[in-house]
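Structure first, commentary second.
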Amino acid sequence: MIIQVIQHDPLLPLGYIKDWANENNYQINTAKIYEGDPLPVDETFDLLVILGGRQTAYETENYPFVVEEAEWLRKLVDENQSMLAICLGAQILSTALGGEVQRMAHMEIGWHYLYEVEDAAQHPLLKGLPSEIRLFQHHQDFFSIPERAEKVYYNQNCNNQGFVVNDNILALQFHPEIDAIGIEEFLAKDQIYEPDEEVLVQTEKQIINDEKFEAGRKYLYNLMDNYKAVINQPRPHEV
């Protein structure tokens, strides 16, 4: 399997996705958008992973790459390309499919519960995943669910936390990929926000000391195994 990564931010790398890929001896190619790398429009790959970032999906004057990336993602969806989009990546994918990205009243930072909507577990990419899980969040923007998509995750803080398109595309507002090292590096270099229960922000100590990393790793590994199964399914012309 060839995994093509779109990385928007040096502080938000692959994390557990890299571990899973290495354990399976899969090839990873990374386009570092923050360093000016072009989109891999001429490359062939099995899975596209679009990571998060501290940019926004709607301030296109400040982040002009978003427009080109959205157009490319729309084309890939039409071509039935398998994708995993996380946080900013999910927001750009939403806009690519006609959705909108807006700002929440409050930030959501730290470990928060996510819930599957009814019947979400029947989707091939969510097979075997828990219907309720506490994973890492770091965002103030959120996406709408595009017409071509189906909502699969929500919580009490942000009603739209995930959507699927077809059998091979999943967009997540949360971060199942982030590991303990990634969180420590992120918190060390990112702006530290004052914790406030009302704005859903945990302290740095709470975030680092929370024992949810193994749950995140298991979720991510199960998810990636589901992608592997979906990608390896014979296409109609191959049957």
Side-chain angles (χ1 to χ4, degrees), residues 4-15 30-41 48-78 83-110 112 136-149 151 153-155 157-163 165 169-178 182-183 185-196 198-202 207:
Q4 176 65 57
V5 179
I6 304 299
Q7 186 176 359
H8 299 110
D9 191 321
L11 296 185
L12 290 166
L14 277 175
T30 302
K32 298 179 178 180
I33 303 302
Y34 61 91
E35 291 186 351
D37 287 352
L39 293 172
V41 294
L48 179 66
V49 176
I50 314 123
L51 295 173
R54 290 168 291 175
Q55 306 94 329
T56 69
Y58 47 80
E59 295 176 310
T60 55
E61 291 186 1
N62 295 329
Y63 310 113
F65 72 86
V66 169
V67 176
E68 180 185 1
E69 188 170 320
E71 292 176 354
W72 180 57
L73 293 181
R74 187 183 309 113
K75 179 175 179 289
L76 292 180
V77 171
D78 291 339
M83 298 185 204
L84 170 60
I86 297 172
C87 200
L88 175 64
Q91 294 166 5
I92 296 174
L93 179 58
S94 174
T95 64
L97 299 177
E100 296 181 347
V101 176
Q102 301 179 36
R103 180 139 293 202
M104 297 168 57
H106 302 296
M107 293 180 176
E108 184 179 31
I109 299 177
H112 297 280
F136 187 69
Q137 305 255 11
H138 194 292
H139 69 108
Q140 189 171 3
D141 294 337
F142 73 103
F143 50 72
S144 67
I145 308 298
E147 288 186 6
R148 298 174 63 176
K151 177 176 167 180
Y153 283 110
Y154 70 97
N155 71 5
N157 308 324
C158 178
N159 192 44
N160 295 337
Q161 290 277 0
F163 64 83
V165 182
I169 298 173
L170 175 63
L172 303 173
Q173 184 57 67
F174 50 95
H175 290 272
E177 85 288 359
I178 199 163
I183 282 184
E185 291 181 351
F186 187 90
L187 294 176
K189 297 179 181 179
D190 186 47
Q191 176 183 356
I192 301 299
Y193 301 97
E194 288 297 324
D196 186 332
E198 187 176 355
V199 297
L200 313 172
V201 177
Q202 296 175 345
I207 291 171

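If you read the sequence from its start, that first residue is 1, and numbering goes on from there. For clarity, every value in this text was computed on a predicted model and none was experimentally measured.
Here the shortest heavy-atom pairing between Val101 and Ala57 reads CG2-CB, 4.0 Å. What you find for Phe174 and Phe136 is that their closest heavy atoms are CB-O, 3.6 Å. Residue Tyr63 comes nearest to Thr56 through the heavy atom pair CE1-N, 3.5 Å, listed as atom of the first residue, atom of the second, then distance. Closest of all the heavy-atom pairs between Gly162 and Ile145 is O-CD1, 4.1 Å. Here the closest heavy-atom approach between residue Tyr154 and residue Asn159 is recorded as CB-O, 2.9 Å. Of all heavy-atom pairs between Val165 and Arg148, the closest is CG1-O, 3.9 Å.
We find the CD-CD distance between Gln137 and Glu108 to be 3.5 Å, quoted to the nearest 0.5 Å. With values rounded to the nearest 0.5 angstrom, Met83 atom CE is found 12.0 Å from Gln4 atom CD. We find the CG-CD1 distance between Leu88 and Ile6 to be 11.5 Å, quoted to the nearest 0.5 Å. For the atom pair CG of Leu93 and CD1 of Ile86, the computed distance is 12.0 Å after rounding to the nearest 0.5 Å. Atom CG of Asp141 and atom CD of Glu100 lie 12.5 Å apart (nearest 0.5 Å). Put simply, CD1 on Ile178 and CZ on Phe186 are 7.0 Å apart, with the number rounded to the nearest 0.5 Å.
No donor-acceptor pair closer than 3.5 Å links the side chain of Asp9 to the backbone N or O of Gly53. Judged by distance alone, with hydrogens and angles left aside, the side-chain atoms of Ser94 form a donor-acceptor pair with the main-chain N or O of Ser144 at under 3.5 Å.
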Q.
Please determine whether side chain to side chain donor-acceptor pair (under 3.5 Å) holds for the pair Glu69 and His8, giving the CA-CA distance in whole Å, both sets of side-chain angles, and the decisive distance to 0.1 Å.
A. CA-CA 11 Å; Glu69 188 170 320; His8 299 110; 2.9 Å; yes

Q: Check the pair Ile92, Phe65 against side-chain contact (heavy atoms from CB on, under 4.5 Å), reporting the backbone distance first and the verdict last.
A: CA-CA 10 Å; Ile92 296 174; Phe65 72 86; 4.2 Å; yes

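Asn160 places none of its side-chain heavy atoms less than 4.5 Å from the side chain of Gln173. Side-chain contact check for Leu48 versus Leu76: some heavy-atom pair is nearer than 4.5 Å. In this structure, the side chains of Leu84 and Leu172 come closer than 4.5 Å at one or more pairs of heavy atoms. Between Ile207 and Ile109, some side-chain heavy-atom pair lies under the 4.5 Å cut-off. Under the 4.5 Å side-chain criterion, counting only non-hydrogen atoms from C-beta, Cys158 is not in contact with Tyr153. With a 4.5 Å cut-off on side-chain heavy atoms, Leu11 and Tyr34 do not count as touching. Residues Gln55 and Gln91 are not in side-chain contact: their nearest non-hydrogen atoms beyond the backbone lie 4.5 Å or more apart.
Across Gln7, His138, Glu185, His175, a single residue satisfies side-chain contact (heavy atoms from CB on, under 4.5 Å) together with Leu12, and that is His175.
Other residues, nucleotides and ligands place more than 12 heavy atoms under 6.0 Å from the CD atom of Glu35. Other residues, nucleotides and ligands place no more than 12 heavy atoms under 6.0 Å from the CD atom of Glu68.
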